[in-house]
Colleague: 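Structure below; questions to follow.
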Protein chains: 2
Amino acid sequence: MVTLAEVAQHAGVSASTVSYVLSGKRSISATTRQRVEQSIRELGYHPNAGARALAGKRSNIIALMVPLRTDMYVPVMMEIAIAVATTARAHGYDVLLLTGEEGPDAVRRVTGSGLADAMILMDVELEDERLPLLRGGDAPGRATSGPGDEQPSVLIGLPADTTGLTCVDLDWSATGALCVEHLAGLGHRDIAVIGEAPAVYERHTGFAERTLDGLRSRARETGVRVLHRPCEGGYDALALTLARIFDERPGTTGFVVQNESAVEPLLALLRQQGRAVPEDVSVVAICPDQVAVQASVRLTSVAIPAQEMGRRAVEHLVAKLDGRGGDEVVLLTPELTVRASSGPAPAAP
Amino acid sequence: MVTLAEVAQHAGVSASTVSYVLSGKRSISATTRQRVEQSIRELGYHPNAGARALAGKRSNIIALMVPLRTDMYVPVMMEIAIAVATTARAHGYDVLLLTGEEGPDAVRRVTGSGLADAMILMDVELEDERLPLLRGGDAPGRATSGPGDEQPSVLIGLPADTTGLTCVDLDWSATGALCVEHLAGLGHRDIAVIGEAPAVYERHTGFAERTLDGLRSRARETGVRVLHRPCEGGYDALALTLARIFDERPGTTGFVVQNESAVEPLLALLRQQGRAVPEDVSVVAICPDQVAVQASVRLTSVAIPAQEMGRRAVEHLVAKLDGRGGDEVVLLTPELTVRASSGPAPAAP
DNA sequence: ATAGGCTGTCGAAGCGCTTCGACAGCATGC
DNA sequence: GCATGCTGTCGAAGCGCTTCGACAGCCTAT
């Protein structure tokens, strides 16, 4: 293991000079700098992370807390995680992977031990237990003992109360509205929404409820009827759900699907029932583009910008760590891409 | 930030005593221990990770290198990653998430900086550039400068040469054999294999080639004909592939699918062509159980034991770090579950 | 010519922890 | 009664780095 002292000796300078070459915090003459850099290369020196964290009071590590459960949107999570890791590296940070398993204790542990300088939380619930530990600013009821001692953090997802928090998320409400708007514009009057598994709503994951809100309020404005049904993935569950929907609203001609594992079953079942897409029924999905393109019918969809969410989260966090920028809620504007699964509503019989 | 010294003062003992209470490396009287533990709880003390790493020469961090690309098996990777994180925590380790992006440099950086004590590599290629840096033992041509200074590591996946390496993987060759065996036992004589995207074979990812080897050699033994076709996911690509297969081998009655995103398209296209599953053609998939169960036909499949792979990888690594156990290749035995997609071959026309 | 200001470098302190050797106190063996 | 061996605790050194203050050397302004 090569140390700074060895580099210093090799280059014929003092340890502090090497340190300043590395950090650039004091000016160093060009010749000395080059000599030191040469030694670093020759010896294959890498600064010791522990020593650096101890002396410098920052670890250059960002903690990323991913949900333990994998009941939804796994590829989206993975994409976010990878975008976080990549962007973090680009800013000189490494990423520590935490699972939701430990809950708030993980936050305390990481904060207390100085393991990470900051945190990114995914899959935030509306009333998340971890939030009191992260809330900054002058929020009442915060659990920290003084201003400025809380862990800088960014949430991917939106809790009920965002006071003193920085959040990045897709604007789910606008997403819902956009779907309804598209279908309403095509003349559809009865729309069914096939949602996530009931468990997702029960644990009050914000995005599902917000989407629904957007969906419903735009439906009200455009005079469209909306029927929402949560649904487990898979064929059997969807067959049941679909039967109930047509039972209750036989005139349904538009579908909004927010559940990756219901997309293909829906298309298959509709086909099987002799309902043509998009001639008889239109389908709009809320899913990553890749899913929309690979489906048996190229789906009109609102994309989930996973990469962008990961990237933005890191960039905000880095800004905070650099003392730039404060708390803020960033909502990404949804974009709807028209593909082959949506068209004009059929003439009423 | 609470320090060890503050805990010591609060408990009325010396710093070293607190340290020994924490580590258990020397005997401490019950009363002193309790007093110290009480202080730790009252003050909410967490040992500083950097200081610990510096003084103790280990960071209690395991690096996990995941592939950057997400062109295959994303849920499997995620499941492995989560299993790694969970198991690692159970052994007192945290997990650092690295992407393949930096390649061998990441290995050097992590090794050199003492950021992590050990590494787990996923998605290992047959001739992986990172391997020379990790090979231990007396392997010739290793790049380390002396025995014992290489990073302990475990690979998930099997490279061409495993000398001096520890690997955990599903026995893909046995997996291929198992699929053929099952179909041959049902009387199928012409089997088509729908594989991963061509790119996966081109980059010599071991599992794909090994599966094929197992498939072919068992086919030879059982007198079955095998036609292998790589395939991008999605409907269009699969439609083309399928047409070619039936063109070349009209008597094909058995399919082995090793490509998650080809499963559903295959079932849909077969249905569309009037070929009933399993009456006319049988399908065996190599995929996570969840996919097999959620498909439109419950699929006979060989499961990919993602959790187990992650868990075993960590356990081996921890054993190595504790000085127990050495290099070893662990191949998990595949298990085939018969579901509704496979049955006796139809009588020859 | 001299005071003052820069620049570039160095030495030393200290970050919070682990660990080694020392040693006090006590029980044991003869 | 004294050497012996434990047990439990302490002090101090040191891990590799950052950073502060000091200061030598030189340039500019008066």
Side-chain angles (χ1 to χ4, degrees), chain A residues 1-37 39-40 43-61 92 94 109-117 321, chain B residues 1-37 39-40 43-61 92 94 109-117 321:
Chain A
M1 176 138 203
V2 188
T3 69
L4 202 169
E6 293 173 306
V7 173
Q9 192 177 3
H10 186 273
V13 298
S14 76
S16 43
T17 300
V18 177
S19 179
Y20 286 124
V21 167
L22 251 29
S23 70
K25 292 193 180 173
R26 283 204 184 170
S27 57
I28 297 288
S29 70
T31 54
T32 307
R33 184 200 311 297
Q34 280 163 20
R35 205 141 36 83
V36 169
E37 282 166 353
S39 296
I40 288 176
L43 301 179
Y45 169 72
H46 289 269
N48 178 293
R52 200 165 238 204
L54 180 57
K57 311 223 165 298
R58 42 215 315 331
S59 60
N60 288 302
I61 289 179
D94 273 295
R109 188 168 64 85
V110 169
T111 307
S113 67
L115 230 188
D117 298 331
L321 287 169
Chain B
M1 174 137 205
V2 188
T3 69
L4 201 168
E6 292 173 308
V7 173
Q9 192 177 4
H10 186 272
V13 297
S14 75
S16 43
T17 301
V18 177
S19 180
Y20 287 123
V21 166
L22 250 30
S23 69
K25 293 193 179 173
R26 283 202 184 172
S27 56
I28 297 287
S29 71
T31 55
T32 305
R33 182 199 313 297
Q34 280 163 21
R35 206 139 35 82
V36 170
E37 282 167 352
S39 297
I40 288 176
L43 300 178
Y45 168 72
H46 289 269
N48 178 294
R52 202 166 236 202
L54 181 56
K57 310 220 166 302
R58 43 215 317 325
S59 61
N60 288 303
I61 290 180
D94 273 294
R109 188 168 63 85
V110 169
T111 305
S113 67
L115 230 188
D117 298 330
L321 288 168

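Below, chains carry the letters A, B, ... as their sequence lines are ordered, and counting in each starts from 1.
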Colleague: Consider only side-chain N and O atoms of S113(A) and N48(B), and report whether a donor and an acceptor are under 3.5 Å apart.
Modeller: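 Result is no, nothing qualifies.
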Colleague: Please state how far atom CG in N48(B) lies from atom P in dG14(C), giving the value in whole angstrom units.
Modeller: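 Atom-to-atom, N48(B) to dG14(C), this comes out as 18 Å.
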Colleague: Can you tell me how far P of dC17(C) sits from CG of N60(B), to the nearest Å?
Modeller: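 These atoms are roughly 14 Å apart.
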Colleague: What is the distance, rounded to the nearest whole Å, between atom CG of L115(B) and atom P of dC15(D)?
Modeller: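 Rounding to the nearest Å, CG of L115(B) and P of dC15(D) are 20 Å apart.
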Colleague: Mind calculating the distance between CD (E6(A)) and C1' (dC15(D)) to the nearest angstrom?
Modeller: 13 Å
Colleague: Whole-Å distance between dC17(D) P and L4(A) CG?
Modeller: 5 Å
Colleague: Just to be sure I understand the rule, does L54(A) reach a base, reach only the sugar-phosphate, or reach nothing, if contact means heavy atoms closer than 4.0 Å?
Modeller: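 Touches a base.
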Colleague: Within this structure, what is the CZ-to-P distance between R33(A) and dT7(C), rounded to whole angstrom?
Modeller: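 From R33(A) CZ to dT7(C) P: 14 Å.
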Colleague: Tell me, yes or no, whether the heavy-atom count around Q9(A) atom CD, taken from other residues, nucleotides or ligands under 6.0 Å, exceeds 12.
Modeller: no
Colleague: Distance check: side-chain N/O of T32(A) vs OP1/OP2 of dT9(C), anything under 4.0 Å?
Modeller: yes
Colleague: To the nearest Å, how far apart are I40(B) CD1 and dG16(C) P?
Modeller: 16 Å
Colleague: Need to verify one output field. Residue with the more 5' nearest nucleotide on DNA chain D, K57(B) or R35(B)?
Modeller: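 Of the two residues, R35(B) wins.
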Colleague: Would a 4.5 Å heavy-atom cut-off, applied to side chains only, mark I61(A) and D117(A) as touching?
Modeller: no
Colleague: Let me have a per-nucleotide readout for nucleotides 19-25 of chain C, 5' to 3', with B, S or -, counting only protein heavy atoms under 4.0 Å.
Modeller: BBBB---
Colleague: Does R52(A) make a side-chain N or O approach to OP1 or OP2 of dG16(D) shorter than 4.0 Å?
Modeller: no
Colleague: What's the CD-P distance between Q34(A) and dT9(C), to the nearest Å?
Modeller: 12 Å
Colleague: Quick one: closest heavy-atom pair of Y45(A) and L22(A), and the distance?
Modeller: CE2-CD2, 3.7 Å
Colleague: Assess the side chains of S29(A) and T32(A): does a donor N or O sit below 3.5 Å from an acceptor N or O?
Modeller: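 Short answer, yes.
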Colleague: For a 4.5 angstrom cut-off between non-hydrogen side-chain atoms, does T31(A) reach Q34(A)?
Modeller: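 In short, these two side chains do not touch, never coming nearer than 4.5 Å.
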Colleague: Looking only at side chains, do S14(B) and T17(B) share a donor and an acceptor under 3.5 Å apart?
Modeller: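 Yes - a donor-acceptor pair under 3.5 Å links their side chains.
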